[in-house]
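Below is one structure, written out as structure tokens; the observations come after it.
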Amino acid sequence: VAPLELRPLGAFPSPHWQQCVAKVRPAQRLLRFLFYNVIRLPDDGGLFVTFKDKAGIFRNGSFIPVNGFLRPSKFLRGACALDRSGGIYMGEYASNSERTPVLLYHLPPRSSCVEVVHEFAAGTVRHVHGVYYDPYENHLWCTTGDREKECQIIKTTDGFRTFVAVGKGDETWRTVSLVITPDHVYYGMDAEFRQNHIFRIDKYSGRRESLGEVDGPVYYSRQLGKWIIFAVTAEGCPSQVENRASLWAVQGDTISRILSIDKDAYPRHFIPGTFHFSLGPGRGGNECFCYCNGLKGADQKTVGLFADA
């Protein structure tokens, strides 16, 4: 089999000292010198990207910085939502130990300047984990954390001018990512202190059910053919008995672990042990790749996942 040919799409501007230091892998991990989101824009094929705590657009060989942010912020991996009109929604993710107000932004189509669409009042949430688009209902969903009262899943039909809480108030509603299907929303808990579960919410009745326990907090998830894949992070939190990352597959009511790798020797400040799913649908939605970070013997290696067509 011929090796894949990699074609660079663009370079995100960054300070020279960071470029130099980040050539050393532990420093790259410590600095979070990484791309978090890559979204192909429907109007002209440009790419919206977030890198560290900045955002920009690669278009026709040029780089355009995205402006309008009131302060630097990361946006978690795969956690920016592209809606039907081509606009992008994203929420601030920072340590925010002071529990200051947290902002949701919207980047209108064909614009390079964001606007604030909602402000969570000081003390109500620590940060936004993600914003996700429901293409079946033309709704947006949002997840927040981290303390019990700050954990919630909300839904809006009008771009966050108003919204309703689907559920909130404890760590069973603490999640990073959502997978949205025609009838359900799936998520894995991101709990530090409770046993983690994978849940399924009926979009119309609001009924929530646990599909089973998993061996740690889930950061990332994605659909793969008829399966939904959840990635448990090796975080070493109190709820995690063994410090390892794993992949879990759900089909219908069946849940099973398909891969598990121990955390490497570096502490979590150098990135917890994670599987980063490739962004985008893959060919026919039946393939994806998982890039390994901070995993024993697998850091910077890629695992391919393939579902039957």
Side-chain angles (χ1 to χ4, degrees), residues 76-79 81-82 129-137 139 141 143 153 155 166-167 171-191 194-235 239-242 244-262 273-293 295 298 301-309:
L76 284 186
R77 183 171 180 81
L82 175 70
H129 285 156
V131 184
Y132 303 94
Y133 179 61
D134 179 350
Y136 310 101
E137 301 294 326
H139 297 166
W141 295 65
T143 62
I153 299 175
K155 181 176 69 173
V166 177
E171 279 200 317
T172 67
W173 295 102
R174 177 176 171 176
T175 185
V176 175
S177 60
L178 304 176
V179 173
I180 301 173
T181 69
D183 298 316
H184 297 95
V185 174
Y186 293 80
Y187 73 90
M189 288 169 58
D190 171 38
R194 292 178 180 235
Q195 173 65 51
N196 284 280
H197 290 246
I198 292 173
F199 281 103
R200 178 172 60 199
I201 302 172
D202 186 295
K203 287 162 55 174
Y204 306 105
S205 70
R207 178 175 177 266
R208 181 180 69 158
E209 58 183 324
S210 171
L211 299 178
E213 298 180 354
V214 292
D215 54 348
V218 173
Y219 286 6
Y220 307 115
S221 56
R222 66 161 293 155
Q223 193 158 12
L224 179 65
K226 298 177 181 179
W227 298 87
I228 299 174
I229 310 299
F230 295 88
V232 166
T233 294
E235 189 181 84
S239 67
Q240 194 165 30
V241 176
E242 297 179 284
R244 62 186 181 188
S246 56
L247 294 176
W248 291 77
V250 171
Q251 186 178 37
D253 296 329
T254 302
I255 175 174
S256 57
R257 186 170 60 192
I258 59 176
L259 180 64
S260 182
I261 305 176
D262 290 339
T274 56
F275 291 105
H276 285 179
F277 293 118
S278 54
L279 303 172
R283 287 178 290 190
N286 292 314
E287 69 173 24
C288 75
F289 298 94
C290 300
Y291 182 76
C292 302
N293 285 284
L295 300 179
K301 294 184 178 179
T302 298
V303 176
L305 299 177
F306 306 90
D308 294 335

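Just so it is clear, the structure is predicted and the values come from calculations on it, not from any experiment. The figures that follow rest on heavy atoms only: side chains count, while hydrogens, waters and symmetry mates do not.
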Does the side chain of Arg257 come within less than 4.5 Å of Asp215's, by heavy atoms? yes
Looking only at side-chain N and O atoms, does Thr172 offer a donor or acceptor that is under 3.5 Å from a partner on Arg208? yes
Shortest non-hydrogen separation from Gly130 to Ala79 and the atoms involved: CA-CB, 3.5 Å
Is there a side-chain contact between Val131 and Thr143 (heavy atoms, below 4.5 Å)? no
Min side-chain heavy-atom separation Ile255-Ile198 under 4.5 Å: yes
Heavy-atom closest contact (Gly78 atom, Tyr132 atom, distance): O-CE2, 3.5 Å
Is the closest side-chain donor-acceptor distance between Trp248 and Ser246 under 3.5 Å? yes
Looking at side-chain heavy atoms only, is the closest gap between Thr175 and Ile153 below 4.5 Å? yes
Quick check for you: to the nearest 0.5 Å, what is the distance between Leu279 atom CG and Arg222 atom CZ? 8.5 Å
If I take atom CD from residue Glu213 and atom CD from residue Gln195, how far apart are they, to the nearest 0.5 angstrom? 4.0 Å
Do Tyr187 and Phe199 have ring centres separated by under 6.0 Å? yes
Are Cys290 and Leu305 close enough, and set up right, to give a side chain to side chain contact (heavy atoms under 4.5 Å, CB included), and what steps lead you there? CA-CA 8 Å; Cys290 300; Leu305 299 177; 3.6 Å; yes
Any salt bridge linking Lys203 with Asp134? Criterion: basic side-chain nitrogen under 4.0 Å from a carboxylate oxygen. yes
Using side-chain heavy atoms (C-beta onward) and a distance below 4.5 Å, is Val250 in contact with Val179? no
I'd like to know if the side chain of Ser210 pairs up with that of His197 as donor and acceptor (distance under 3.5 Å, no hydrogens or angles considered). yes
Are side-chain N/O atoms of Ser221 and Ser177 paired as donor and acceptor at under 3.5 Å? yes
Do Asn286 and Phe306 come close enough that some side-chain heavy atom pair is under 4.5 Å? no
Any carboxylate oxygen within less than 4.0 angstrom of a Lys/Arg side-chain nitrogen, looking at Asp253 and Arg200? yes
Donor-acceptor pair, side chain of Arg244 and main chain of Thr233, under 3.5 angstrom: no
What heavy-atom pair brings Ala307 and Leu224 nearest, and what distance separates the two atoms? CB-O, 3.8 Å
Might you work through the side chain to side chain contact (heavy atoms under 4.5 Å, CB included) test for Val232 and Asn196, ending with a clear yes or no? CA-CA 10 Å; Val232 166; Asn196 284 280; over 6 Å; no
Is the shortest heavy-atom distance from the side chain of Ile180 to the side chain of Trp141 under 4.5 Å? yes
Ignoring hydrogens, what is the shortest heavy-atom contact between Phe230 and Phe277? Give both atom names and the distance. C-CZ, 4.5 Å
Considering only heavy atoms from C-beta outward, does the side chain of Ile229 approach that of Gln223 to under 4.5 Å? no
I need the Arg207 CZ to Asp202 CG distance, nearest 0.5 Å. 8.0 Å
Sorted by first residue and then second, give each salt bridge (Lys or Arg N to Asp or Glu O under 4.0 Å) pair with at least one member in residues 175-191; sequence neighbours left out. Arg174-Asp190
Ignoring hydrogens, what is the shortest heavy-atom contact between Ala245 and Ala234? Give both atom names and the distance. N-CB, 3.6 Å
Nearest atoms (heavy-atom pairs only) where Tyr186 meets Leu211: CE2-CD1, 3.9 Å
Passing candidate, side-chain hydrogen bond (donor to acceptor under 3.5 Å, both in side chains) with Tyr219, options Arg77, His276, Glu235: Glu235
